[in-house]
Chemist: 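Quick one: this structure, given as structure tokens, is what I'll be asking you about.
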Amino acid sequence: MRSRSRRVSTHSSGTAQTPPSRSACQRANRRVTFTMINLRVPARTEDTPPPRRAAADLCRRSRAARMRNPAWWPQVRADMTTIGLIGSGNIGSTVARLAVAAGYDVVLSNSRGPETLRDLVAELGPRARAGTPAQAATAGDIAVVTVPLKAYRDVPADALAGKVVIDTNNYYPERDGVIAELEDGSATTGELLQRHLADAHVVKGFNNIYFKHLATLSRPAGAADRTALPIAGDDAGAKRTVTGFLDRIGYDTVDVGPLAENWRTQRDTPVYVTPYGSFTDPVGTPADAGTVRKAVAAATPDAG
Ligand SMILES: NC(=O)c1ccc[n+]([C@@H]2O[C@H](COP(=O)([O-])OP(=O)(O)OC[C@H]3O[C@@H](n4cnc5c(N)ncnc54)[C@H](OP(=O)(O)O)[C@@H]3O)[C@@H](O)[C@H]2O)c1
């Protein structure tokens, strides 16, 4: 019978240069003998493990390597390859770093012009380029609006028509000026942006986590200490897309409902920053979906 297995070369220490395929590992786990998968392990010495254990170690190591490699993580739609960032400050640059690490292209923009983003583009490498906000919006399969809220009306609505837009913005009246609808609770921050981007599909996200924790708490799918982020939006398809994007950059999601419900995740609510650690803690604490759900449920309408 012809074996469908592939040959694995080894160097002198016995470490495989080409990891066994996933199916080879599955076969190994079903205790099929390793001669069937054609693993060449070096002649045994005092400190080389027996062939079966060597191959099992190899599978374990290659599984761990896959989980570290974002290319193996769950995919959003295969044609969604570019993230357009309107705003490239603390949160924008952090999302861009995670997206590039997960294999996306990014187009960065800010208020001062693409030339001011040269250093960030250089740091991010060939998957990154800079443009105007309209160019970032046009290029993005998914756009991220991450500007001070006072600037939300500058976000290019025409270029974002029909697109999925993640809104990270929070309301700080001392920075943004007083916005009556937010003060009297007749709108949420997400609804404000959705009104401005009437033809886009706005999903609130990333707004409740400190940017340093967003950078440090990303984990591969299935990790025991994976963190969850709440999202809110009026379009189920857009939320699915954002869930896929977050999954790929290292986060689970908790859907809190439509944009009208995003008051539950706004500033000063229980899920705002604290579940992930304090501002003085540069590393942060993982917060799973159960923790996030509980915090969201504890929100009261007078906060946020
Ligand atoms: N910092 C956090 O940990 C955090 C966490 C969650 C949510 N948020 C919220 O997310 C938003 C961004 O926060 P951030 O901390 O990333 O702010 P930031 O560091 O001040 O960055 C803001 C970015 O927006 C750009 N920008 C400002 N006005 C613009 C305009 N009219 N058009 C295009 N780009 C414009 C800025 O560009 P220039 O520098 O060229 O002006 C800058 O790149 C805020 O609403 C904030 O409340 C922040």
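None of the values given here were measured: they were computed from a predicted structure. We're numbering straight along the sequence, starting at 1. Just so you know, ligand 1 is whichever comes first in the structure, and atom 1 is the first atom listed for that ligand. These values consider heavy atoms only, across backbone and side chains, with no hydrogens, waters or symmetry-generated copies.
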Chemist: Among Thr189, Asn170, Thr188, whose side chain to side chain donor-acceptor pair (under 3.5 Å) with Gln266 holds?
Modeler: Thr189

Chemist: Hey, does the Lys NZ or Arg CZ of Arg127 hover above the aromatic six-ring of Tyr104, less than 6.0 Å from the centre and inside 45° of the axis?
Modeler: no

Chemist: Identify which one of Arg293, Lys239, Arg264 satisfies the salt bridge (charged side-chain N to carboxylate O under 4.0 Å, His left out) criterion when paired with Asp255.
Modeler: Lys239

Chemist: Could you tell me whether Lys150 and Glu174 make a salt bridge, using a distance below 4.0 angstrom between a side-chain N and a carboxylate O?
Modeler: no

Chemist: Only counting residues at least two apart or in another chain, list the ones meeting side-chain hydrogen bond (donor to acceptor under 3.5 Å, both in side chains) with Thr227.
Modeler: none

Chemist: Given a heavy-atom cut-off of 4.0 Å, could you list the residues near ligand 1 in chain and number order?
Modeler: Gly87, Ser88, Gly89, Asn90, Ile91, Asn110, Ser111, Arg112, Pro133, Thr146, Val147, Pro148, Leu149, Ala151, Asp154, Thr168, Asn169, Asn170, Arg175, Phe206, Asn207, Ile209, Tyr210, Phe211

Chemist: Is Arg219 salt-bridged to Asp288, cutoff N-O under 4.0 Å?
Modeler: no

